[in-house]
Structures are given as structure tokens and as C-alpha cells.
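Beneath this line is the structure, given in C-alpha cells, with notes to follow.
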Amino acid sequence: MPWRRTADPYQIWISEVMLQQTRVDTVIPYYKRFVEKFPTLHDLADADEEILLKQWEGLGYYSRARNLQAGVREVAENYGGKVPASRKEISALKGVGPYTAGAVLSIAYGLPEHAVDGNVMRVLSRILLIDEDIAKPKTRKIFEEAVTGLISHEDPSAFNQGLMELGALICTPTSPKCLLCPVREHCSAFLEGRQQELPVKTKAKNTKAVNYAMVAIRNGESFLMEKRSSKGLLANMWQFPMLEFPVGIDGAEIEELLSEQFKGTIVKAEKITSFKHVFSHLTWNVDGFIAEGVNLEIPDNMKWVDSAEMELLPIAGPVQKMKTALKSRGDV
DNA sequence: TACTCGTGGAC
DNA sequence: TGTCCAAGAGT
């Protein structure tokens, strides 16, 4: 992993934020591009948010990027650009929670601080036979205290990483490879044959669905793009204008609704694609349209962009799918 | 506390 | 094809 070849706390911090809820193989190319684009803490502190989000595009959980930059700016202003080396101070930075604090402190500074993630809770739930529900926030404290009592003061970095690595490669969620496990003789669950029962984890609730019409409005060589709200889902990302509407809306209805909304003329609305996009807790069912618009009054959060400018705007999954449909038709 | 916040790989 | 889920944090 490329972030294990640096001792720079700033770069290790980046890697740990990217790794939140995200697989190692997914993070690697993003990490490489990111540290090349923003090699020092001050490069990121000075970066334009749109450039930053473009670098993060496709990685998901975009508030991580903004929080990381906010944290980096705090370090630049309040700590002279040096990432603080105490749990109290580093935990106060935006986007740095209990796990990330412990990971940076142990890996970058060699401090004996716990770094409890999903791997660690799974591994220790088996080794120590802990049957508390790991889906509940308060349960993490049990594991933090366990790690604090176990952690090597000789090499805290290797200890924390080793525990996570064990979880990722051997002590997996389903069918753990106990016969390959170097600590199976110390594992209470293995000794009792109960490794499949642990960890106890209540399952998440079902996701709900929302239906949208997404409309690529063209005027000459330009398309109308809209910047999303600075809060909530896909904050500050760009998209084609959308209407929340029951699936089944047709071109004529699109023309009527949008002509009214933009106090102009929308014509030739034609459905070009239809797809589903699944988020963590939400599903979008999208009908994608292309249309032509003239004499439109557009709000401040929208602008006309040509194909080259469109490439510079950070866009998320559903809009990528729409863009792919447009490209296959030669529209962009 | 419970819910919000993306994406893609594994089964 | 659906489900789970992965090195979590903010609100």
C-alpha cells in the first residue's frame, strides 16, 4: 500500500480518510493521484473546493473531502502546518473521529493509541468472545478499552495495522480462515467452535426509492448544469437539472414543466436512458431525457457549459450514468 | 441514538 | 439479482 511508504502524517491522514468505509484496492489509485496533486498540507489547504471534489469524484462520501480540507486548514492556521500528535487535539479536527485519530497517532507518530474499526471489532469479538452488538455506537468503547490493554508499546503501528490486516485477510466476516490464523490458539471463539456466530451485528433497515427525471438541456454546443446544495446528499456536486416525478413522465410533460420553471422554451424532449442508482440508504430511479432550451432564465446555481467545461465539474454516480448515455449518442 | 452519507466487490 | 458490506464521522 503506497501510504505505508511515507512517514508524512499529512499523507497518512489522507489515506486513513479515504479508507473510511472504502476498500484498499479502490483507494490506491485515488490516493496516488491525490498526493501528486496536493503533495503538501499547504497545497490542499490552498486548493479550490471544485478541484478537490473533482479529485474525489467516484470515491463516494464526498463530505470526507471537504472535512479533510477543513481539518488541514485548521492545522495550517493553528498548528503551523504540523499535524498535532495528541488525541485531544487531533480529534478536534474536522473529519477526524476516534478511529482516524488513533490510526494517525499510531502509524505516523508511533503512539500506543487504539484504532478500532470494523475489522478490529470483528477480530476481537472472536478472540475475546465479546457478544455485544457491534452495530451499536456504544459498543466501540468496549473494544477501545480492550485494545488499550493489549496494544504493543514496542510497535503500536504494527500492532494496529496487524489487527486490521488479520481481519481483512484471515478473520473475515463469513467463513474465517481459522486454520491459517496465527492466533487461533488464543481465540476463544475458535476454541469453542463459535467463530461463525461472531460478531453479533444487527442488520440495517431497508432503503427507500425516489423517482426522478434528469434532463440534459442543450443550447447549441452547451448544456445546462446545476450545482447541488452545500448540504446533504452529494453536496456541492454538479448534475443535470432534475425533477422529482413518478416514473413514466413523457417528453411533452417535461417540456411543459421545464418551460414554466425557466420562463422560456423547452422543446424536443426525448427519453434517452433509464437507470437505477443505489446509495447507502436511498435508491434513485431515473428517466434521462435530452431536450433543447432557448431564452431560459437560470438561477445562480446553474450555468451553461460546453463539453470541455463539463469535464472539469465534479459529478457523482447517477450523473456519470447520464453522461455515459449522452456520450454513446455523440451528444457530448 | 439513530440516521445520513457513495461506491463497487464478493458471495 | 439481491444482499451484505469496507481501514467511520457528522448531526
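Below, chain A is the first sequence line, B the second, and so on; all start at residue 1.
- A:Ala316 comes within 4.0 angstrom of sugar-phosphate atoms only, judged by non-hydrogen atoms across all strands, and of no base.
- Atom-to-atom, OH of A:Tyr30 to P of B:dG6 comes out at 13 Å; the value is rounded to the nearest Å.
- Look at A:Tyr61 and you won't find any side-chain N or O under 4.0 angstrom from OP1 or OP2 of C:dG10.
- Nucleic acid contact class of A:Met1 (heavy atoms, under 4.0 Å, all strands): base.
- One interatomic measurement links the two molecules: CD of A:Gln21 to P of C:dC4, which rounds to 15 Å at whole-angstrom precision.
- Rounded to the nearest Å, the gap between the P atom of C:dT11 and that of B:dG6 is 14 Å.
- Protein atom CZ of A:Phe279 is 18 Å distant from nucleotide atom C1' of C:dT3, rounded to whole Å.
- Using a 4.0 Å heavy-atom cutoff across all strands shown, A:Arg228 reaches no nucleic acid atom at all.
- Residue A:Asn236 contributes atom CG, which lies 14 Å from atom P of B:dC5 at whole-angstrom precision.
- The CD atom of A:Glu57 sits 9 Å away from the P atom of B:dT7 (whole-angstrom rounding).
- A donor and an acceptor atom never sit less than 3.5 Å apart when one is taken from the side chain of A:Thr22 and the other from the base of C:dG8.
- Aromatic rings of A:His281 and A:Phe279 (six-membered ring for Trp) have centroids beyond the 6.0 Å cut-off, not under it.
- Residue A:Asn67 is in sugar-phosphate contact alone, with no base atom involved, counting any heavy-atom pair closer than 4.0 Å across all strands shown.
- Legend: ring-ring contact (aromatic ring centres under 6.0 Å, His included) pairs involving residues 82-113 of chain A, not counting sequence neighbours: none detected.
- Contact annotation: A:Arg64 side-chain N/O to B:dG6 OP1/OP2 distance is not under 4.0 Å.
- Set against C:dG8, C:dA9, B:dT7, the side chain of A:Pro98 has C:dA9 as its closest nucleotide.
- The listed nucleotides are B:dG8, B:dC5, C:dG8; the one nearest the side chain of A:Asp117 is C:dG8.
- At a threshold of 4.0 angstrom between heavy atoms, the contacts of A:Leu234 are confined to the sugar-phosphate backbone, with no base atom among them.
- In the set B:dA2, B:dG6, C:dG8, the nucleotide with an atom closest to the side chain of A:Lys136 is B:dA2.
- For A:Ser307 and A:Glu221, the side-chain atoms include no donor-acceptor pair closer than 3.5 Å.
- Using a 4.0 Å heavy-atom criterion, one finds that A:Arg140 contacts no nucleic acid atom at all.
- An OP1 or OP2 oxygen of C:dG8 is reached within less than 4.0 angstrom by no side-chain nitrogen or oxygen of A:Gln20.
- Among the atoms of the strands shown, none is found under 4.0 Å from any heavy atom of A:Thr174.
- Between A:Glu132 and A:Lys201, none of the side-chain N atoms (NZ, or NE/NH1/NH2) sits under 4.0 Å from a carboxylate O, so this pair counts as no salt bridge.
- Across the interface with DNA chain B, nearest-nucleotide mapping of A:Pro137 and A:Ser63 shows A:Pro137 to be the residue nearer the 5′ end.
- Checking B:dG6, B:dT7, B:dG9 against the side-chain heavy atoms of A:Pro318 singles out B:dT7 as nearest.
- Backbone-only engagement by A:Gly232 is indicated by non-hydrogen atom pairs under 4.0 Å involving sugar-phosphate atoms exclusively.
- As rounded to whole Å, 14 Å separates atom C1' of B:dC5 from atom CG of A:Leu53.
- Among the atoms of the strands shown, base atoms are found under 4.0 Å from some heavy atom of A:Val278.
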Output a table of donor-acceptor pairs, distance under 3.5 Å, between side-chain atoms of residues 284-299 of chain A and any protein atom two or more places apart or on a different chain; print 'none' if there are none.
residue: A:Asn285; atom: ND2; partner: A:Asn211; partner atom: OD1; Å: 3.1
residue: A:Asp287; atom: OD1; partner: A:Ser274; partner atom: OG; Å: 2.9
residue: A:Asp287; atom: OD2; partner: A:Lys271; partner atom: NZ; Å: 3.4

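- Rounding to whole angstrom units, NE2 of residue A:His277 and C1' of B:dG8 are separated by 10 Å.
- A donor and an acceptor atom, one from each side chain of A:Glu89 and A:Ser86, are located under 3.5 Å apart.
- Remark: A:Arg33 does not engage A:Glu57 in a salt bridge, criterion side-chain N to carboxylate O under 4.0 Å.
- Of the two residues near DNA chain C, A:Lys276 and A:Leu19, the one whose nearest nucleotide lies more 5' is A:Lys276.
- Checked by distance alone, A:Ser280 brings a side-chain donor or acceptor within 3.5 Å of a matching partner on the base of B:dG6.
- Taking side-chain N and O atoms only, A:His281 has a distance below 4.0 Å to OP1 or OP2 of B:dC5.
- The P atoms of C:dA6 and B:dC5 are separated by 22 Å, rounded to the nearest whole Å.
- The side chain of A:Tyr99 has C:dG8 as its nearest neighbour among C:dG8, C:dA6, B:dT7.
- One atom, CD of A:Glu16, and another, C1' of C:dA6, lie 13 Å apart when rounded to the nearest Å.
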